Amino acid sequence: MSNDEGRLNAPAFAKLQPDRQMTKSPSSLVIRAWSFFGNILGMKLIEVPAPGFDLAMTLDSGQVFHWEESGGGFVGAIADIAVYVEQRRNVLKVRGREMPAKSSRRQPLSTMVAHYFGLDHPLAEICASFPNDPIMIAARNFCRGLRIIRQPKWECLATFICSSMKQVAHIRQISKALREEFGIARKAFPERGRTIDNYVVHTFPSAARLAKSSERELRKCALGYRAKNLLATARLVSSGTADLEAWSSLSDANLRANLCNLPGVGAKVANCVMLFAYERLRAFPIDVWIERVLRQQYFPRNKRIATGQLRTFSENYFGEHGGYAQQYLFHHARMNKNAKSRARTAAAGK
DNA sequence: ATACAGGCTCGCC
DNA sequence: GGCGAGCCTGTA
């Protein structure tokens with residue numbers, strides 16, 4: 001492994017070797033060099049067609065918390081593969097390592113990327129299934145290209161156990177701390193012009209790894225009272241008592257019930273995991289943002305409506321892709337609020 | 001500075 | 001079986 005990592009320095013060296021055929025653009029020269037040596041090393045530079053996709057918005061919509069902006073793109077991990085991805089119009093440019101040939105999960109990088117980002121979701125059909133009310137229309141127009149991604153189950157579950165009573169910025173910190181403390185370091189291809197050493201991506205630690213840790217260790221990652229829940233759930237998952245993969249075949253109701261039996265998982269977290277890791281596009285997580293939207297926009301005259309009634313309403317009203325509708329409403333509300341608070345700050349500054 | 005955050009759990013009615 | 005308080009900690 002160390003041998004392999006050492007050889008990753010080769011592409012940097014490649015920049016010193018001019019390619020006679022490439023004279024116009026220095027950056028394309030570098031890309032070709034990256035590509036050439038990358039292929040030798042098992043690192044690929046590929047392009048994935050991605051029409052109807054907005055990478056930046058998707059990664060900033062509060063469904064995934066570990067991608068970091070870098071140059072024109074983002075560095076992160078898809079399962080255990082370190083990846084750099086940037087969007088150029090309708091194409092994703094991706095650098096990442098192919099799975100080892102002996103791996104049983106081996107599949108082309110392009111397939112992995114397309115699957116992870118939900119590029120096969122029929123977005124036009126999904127949006128057409130939303131209710132046609134003004135609030136939903138505004139959210140839909142605002143969130144063009146926002147997709148629900150397919151996250152690894154354990155990673156998603158563990159991250160959302162950590163999310164309770166936390167703002168996005170803090171969830172990111174927790175995710176990063178867990179990865180750096182317990183995950184496996186992987187070198188990632190940087191964007192052009194940076195040295196490779198700047199880019200280490202950490203995989204999300206397995207349930208088995210976290211099960212071996214202690215509540216004290218976990219608390220060092222600023223988990224607070226969530227540490228106990230995360231540890232208990234990690235033990236259930238790693239022991240096989242909770243078989244996350246096998247749960248894929250369960251009905252929505254049974255899957256939700258099983259998830260809610262896990263320590264630290266209530267209806268909100270269960271719905272997030274169903275939506276972001278189990279492809280249950282109907283799951284409708286209700287957090288404080290969505291609850292605010294539902295109350296203010298859909299029930300402005302009924303301030304005393306019970307939370308349970310909101311749940312029943314949202315499950316029926318938003319239809320078969322309610323989870324997508326929820327994500328659009330959520331992101332729209334969050335971005336509006338941020339814009340408003342920025343405007344206030346700017347106005348106050350004058 | 002000091003509420004308050006993308007909740008869950010438990011104890012109390 | 002619904003309701004409220006407590007839990008940890010960083011951010012706005």
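What you see is a predicted model; the values in this text were computed from it and never measured.
Contacts of P263(A) with the nucleic acid, taken as non-hydrogen atoms under 4.0 Å apart, involve only primed sugar atoms and P, OP1 or OP2. Counting non-hydrogen atoms under 4.0 angstrom, L262(A) reaches the backbone sugars and phosphates but no base. G264(A) comes within 4.0 angstrom of the backbone, heavy atoms only, and of no base. Contact annotation for V168(A): base contact, defined as any heavy-atom pair under 4.0 Å involving a base atom.
Going from atom CZ of R172(A) over to atom P of dA12(C) covers 13 Å, rounded to whole Å. Note: CD1 (I161(A)) to P (dC8(B)) measures 10 Å, nearest angstrom. Across the protein-nucleic acid pair, L218(A) atom CG and dC7(C) atom C1' stand 17 Å apart, rounded to whole Å. For the pair R311(A) CZ and dG1(C) P, the interatomic distance rounds to 13 Å; values are reported in whole Å. M165(A) has its CE atom 8 Å from the P atom of dG6(B), to the nearest Å. In this entry the distance linking CG of L310(A) with P of dG6(B) reads 18 Å, nearest Å. Between F160(A) atom CZ and dG6(B) atom C1' the separation is 8 Å, expressed in whole Å. Rounded to an integer number of Å, the gap from L223(A) CG to dC8(B) P is 15 Å.
With Y328(A) as the partner, the ring-ring contact (aromatic ring centres under 6.0 Å, His included) test is satisfied by one option alone out of F130(A), F284(A), F142(A), W289(A): F130(A).
Salt-bridge annotation for E155(A) and R179(A): present, with a side-chain N of the basic residue lying under 4.0 Å from a carboxylate O of the acidic one.
Residues F160(A) and K268(A) are in side-chain contact: their nearest non-hydrogen atoms beyond the backbone lie under 4.5 Å apart.
Residue-to-nucleotide proximity on DNA chain B shows that, of N261(A) and F65(A), the 5′-proximal contact is made by F65(A).
Rounded to whole Å, the separation between the P atoms of dC8(C) and dA1(B) comes to 24 Å. dG6(C) and dA3(B) have their P atoms separated by 15 Å, given to the nearest Å. As rounded to the nearest Å, dT9(B) and dG10(C) have P atoms that lie 23 Å from one another.
Comparing dG7(B), dA5(B), dT9(C) by their closest approach to the side chain of Q167(A) singles out dA5(B). With dT9(C), dG7(B), dG6(B) as the candidates, the nucleotide lying closest to the side chain of A222(A) is dT9(C). Nearest nucleotide to the Y225(A) side chain, out of dG6(B), dC7(C), dT9(C): dC7(C).
Remark: the backbone N or O of L275(A) is not paired with any side-chain donor or acceptor of Q63(A) at under 3.5 angstrom.
For the residue pair Y298(A) / S314(A), no side-chain donor-acceptor distance below 3.5 Å is found, with atom types taken as modelled.
The number of heavy atoms from other shown groups lying within 6.0 Å of NZ (K176(A)) does not exceed 12.
You won't find any donor-acceptor pair under 3.5 Å spanning the side chain of R219(A) and the base of dC8(C), going by distance alone.
The base-pairing partner of dC4(B), taking Watson-Crick or G-U wobble contacts with both distances under 3.5 Å, is dG10(C).
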